[in-house]
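In what follows, chains are A, B, ... by sequence order, proteins preceding strands, each numbered from 1. As the structure is a computational prediction, the values presented were derived from the model and not from experiment.
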Amino acid sequence: MDIGFNFTLGNTLPMVQRFRDEGLIDYCELLIDNFLQVPPHDLAEALDCPVGFHIMFSRFIEADRAQLRDLASQLRPYIEQLKPRYVSDHVACFSHQGRQLYHLAEIDYPTAYAQVREQVLFWQEQLGMPLYLENYPSILDGGHDAPAFFQQLAEDTGARMLFDASNAVCAWRNCGVPLTDWLPHIDATPHFHVGGYNVSVLEPRLILDTHDSELADDTLDYLRQWRTRFDKPGATLTYERDNNLDEASIARDLRRLRAVFCEEPAPCALTA
Amino acid sequence: MCADRLIDQDLLPALLAPARQADYPRDSRAFVRIDTSLRVYWHTLFDICPSLLTLAPPDGLALFRPWMAWAEQQQVSMNWTFYLWVAAWLEDSPFAGQLTDAIRLELMAASAARWAMADRSRALGVALASPRLADTLVLGWKNQRVDGGREVECLELDAPLPPAPAPFGYFVLAQVDQDDFPGWQALPR
């Protein structure tokens, strides 16, 4: 298992380079939206390691096709030059009746399926490579429909999951989606995400995918319990931290992840 | 499966509307889900423009709630122009007397930065102007360096441009050294 870190803002470059030089990461994942005015050669030279691409704001399910064509034509030179190990995007609801949601919402999987399928096929064609799609950190009961949705989507489009293990833990904690429901998806993809979560301010407490803290024990247990199914040739696991960018804290989590994939399995506290 | 199945899509109208939160019991997951969404709008406003808190201390809610209600009524898209529409609303609000040019500039700079983060066209920059701040141009630039970030600058113009339309005018820049004026575009809602 290769361990990576998400590179989202240019001012974190020195930290990312230190992680690379100290052997804490094997690759880095670019939030490529934020670098579309940076020459691809400059990115390749500064990072000097394998990369993955994560697209945050294509809004490919909702965007019109002219916009997607234009965005793809901006992305392709980066794909050609940096040769990312994967290109990933989000299955989520970015707006309601034309008004932007700042906290993204979960789609209604059965109702949205046909539209998502068509847009995935189009977006993959434009990008010239298969997509890896991230699961939403479900808060409400719609999360129960997600595993079957992604299964069908993979069969119909070839798009596999960028499986976010901590998002699955959020969905389990919030509405009881069994962690084992995702095992076929874990088997089917080599690309994974993980990050810290936090709890809502108000009660009843909800688990929120905040990327602002260290990994929770249940998330590490999940990886540990199924590590032989996560790990496979070419596998990547990106640690996401977008807030509270404390270098020592991030380094601790990167070491924890490296330990998970090189130690013997430990007793697991999870019952799901 | 949870009893009384509730999904995100059931709550969409309330995720942008503080007034609708009261339609749900205070101790329900729906209430907290809506609260989680509304907090992001609050932080987007006051974390980026902290001087707005001085208009409605201590928590800004006396400003936030009527702004969000107006934005819903007007179907403001909440895209990169978010802060500009806040400014436009403030000018006609009970807070108008407390507005200063520094707050107006803070809101313009916030929208310029948001454009630089959110725009997916090939444009490199955006220029904003207000008829209330003659000869001042706020520029936002997308990140152009691997170790850089988006940048915002404020220019005092030696050679005035034609007056910007109310409440704001803007144009996009294809390159850093662009010196032609393509004309003002009206602010999209």
Asker: Under a 4.5 Å heavy-atom cut-off, does chain B meet the side chain of L13(A), its backbone, both or neither?
Answerer: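 The side chain, not the backbone.
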
Asker: Taking every non-hydrogen pair under 4.5 Å, which of L36(A), I107(A), V16(A), L47(A) racks up the most with chain B?
Answerer: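 Between L36(A), I107(A), V16(A), L47(A), the count favours I107(A).
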
Asker: Picking from V76(B), T44(B), D27(B), which has the most non-hydrogen pairs under 4.5 angstrom with chain A?
Answerer: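 Of the candidates given, the most pairs with chain A belong to V76(B).
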
Asker: Any residues in residues 54-72 of chain A near chain B, with a heavy-atom distance under 4.5 Å, and which are they?
Answerer: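 Under the 4.5 Å heavy-atom cut-off, F57(A), D70(A), L71(A) qualify.
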
Asker: With a 4.5 angstrom heavy-atom cut-off, could you sort out which part of A46(A) is near chain B: side chain, backbone, both or neither?
Answerer: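 Answer is side chain: those atoms of A46(A) sit under 4.5 Å from chain B.
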
Asker: Mind listing the closest non-hydrogen atom pair of Q100(A) and L16(B) along with its distance?
Answerer: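 It is O-CD2, 3.5 Å.
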
Asker: Do you know which of H43(B), R26(B), R150(B) has the most heavy-atom pairs with chain A at a distance under 4.5 angstrom?
Answerer: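 With the most close heavy-atom pairs to chain A, the winner is R26(B).
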
Asker: Can a side-chain donor-acceptor contact be found between H144(A) and R5(B) if the only test is distance below 3.5 angstrom?
Answerer: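 Their side chains do not contain a donor-acceptor pair, so the 3.5 Å distance test is not met.
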
Asker: Looking at A116(B), A118(B), A30(B), P13(B), which one has more heavy-atom pairs under 4.5 Å with chain A than the rest?
Answerer: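 With the most close heavy-atom pairs to chain A, the winner is P13(B).
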
Asker: Tell me, which pairs form a salt bridge (Lys or Arg N to Asp or Glu O under 4.0 Å) where one or both residues lie in residues 33-44 of chain A, sequence neighbours left out?
Answerer: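 Those involving residues 33-44 of chain A are D33(A)-R120(B).
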
Asker: Does CG belonging to D177(B) count more than 12 external heavy atoms closer than 6.0 Å?
Answerer: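 Enclosed.
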
Asker: Looking only at heavy atoms, which two atoms of V146(B) and F7(A) are closest? And how far apart?
Answerer: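 Looking at all heavy atoms of both residues, the closest pair is O-CZ, 3.5 Å.
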
Asker: Once side-chain hydrogen bond (donor to acceptor under 3.5 Å, both in side chains) is applied, do any residues pair with R76(A), and if so which ones, sequence neighbours excluded?
Answerer: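 R76(A) satisfies side-chain hydrogen bond (donor to acceptor under 3.5 Å, both in side chains) with no residue once adjacent residues are dropped.
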
Asker: With a 4.5 angstrom heavy-atom cut-off, could you sort out which part of A71(B) is near chain A: side chain, backbone, both or neither?
Answerer: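 Both the backbone and the side chain of A71(B) come within 4.5 Å of chain A.
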
Asker: Just verifying a value: how many Å separate L15(B) CG and Y102(A) OH, rounded to the nearest 0.5 Å?
Answerer: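 OH of Y102(A) is found 13.5 Å from CG of L15(B).
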
Asker: To the nearest 0.5 Å, what is the distance between CG (D108(A)) and CG (D10(B))?
Answerer: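 It comes to 8.0 Å.
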
Asker: Chain A heavy atoms under 4.5 Å from R122(B): which part of the residue, side chain, backbone, both or neither?
Answerer: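 Both parts, backbone and side chain.
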
Asker: Is there side-chain contact between Y109(A) and I7(B), with heavy atoms separated by less than 4.5 Å?
Answerer: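 With C-beta onward as the side chain, the pair stays apart.
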
Asker: Can you say whether P39(A) sits under 4.5 Å from chain B via the side chain, the backbone, both, or neither, judging by heavy atoms?
Answerer: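 Looking at P39(A), just its side chain touches chain B.
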
Asker: So what's closer than 4.5 Å to chain A heavy atoms on N143(B): side chain, backbone, both or neither?
Answerer: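 Answer is both: backbone and side chain atoms of N143(B) are under 4.5 Å from chain A.
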
Asker: Could you tell me whether the side chain of R145(B) reaches within less than 4.5 Å of the side chain of V38(A), counting heavy atoms only?
Answerer: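 Contact flag for V38(A)/R145(B) side chains = no.
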
Asker: Does C93(A) form a side chain to side chain contact (heavy atoms under 4.5 Å, CB included) with Q9(B)? I'd like the steps, not just the answer.
Answerer: CA-CA 9 Å; C93(A) 177; Q9(B) 295 290 309; 3.8 Å; yes

Asker: With rounding to the nearest 0.5 Å, note down the distance linking CE in M78(B) to NE2 in H96(A).
Answerer: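 One finds 12.5 Å between CE of M78(B) and NE2 of H96(A).
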
Asker: Mind checking the CD-CG spacing from E106(A) to L11(B)? Nearest 0.5 Å is all I need.
Answerer: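 Rounded to the nearest 0.5 Å, the CD-CG separation comes out at 11.5 Å.
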
Asker: Is the shortest side-chain heavy-atom distance between R33(B) and L140(A) below 4.5 Å?
Answerer: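 Counting from C-beta outward, R33(B) and L140(A) do come under 4.5 Å.
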
Asker: If every non-hydrogen atom of Y41(B) is compared with every non-hydrogen atom of L101(A), which pair is closest and at what distance?
Answerer: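 Taking every non-hydrogen atom into account, OH-CA, 3.2 Å.
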
Asker: Can you tell me how far apart CE (M117(B)) and CG (L9(A)) are? Round to the nearest 0.5 Å.
Answerer: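 If we round to the nearest 0.5 Å, M117(B):CE and L9(A):CG are 10.0 Å apart.
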
Asker: A quick test of your reading: do over 12 heavy atoms of other residues, nucleotides or ligands sit less than 6.0 Å from CZ of R65(B)?
Answerer: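 Not buried by this count: 12 neighbours or fewer within 6.0 Å.
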
Asker: Please list, in residue-number order, every residue in residues 198-208 of chain A that has a heavy atom less than 4.5 Å from any heavy atom of chain B; write 'none' if there are none.
Answerer: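 If one takes a 4.5 Å heavy-atom cut-off, the residues of residues 198-208 of chain A near chain B are S200(A), V201(A), L202(A), E203(A), P204(A), L206(A), L208(A).
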
Asker: Return the CZ to CG distance between R99(A) and L12(B), rounded to the nearest 0.5 Å.
Answerer: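 Reported value, rounded in 0.5 Å steps: 12.0 Å.
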
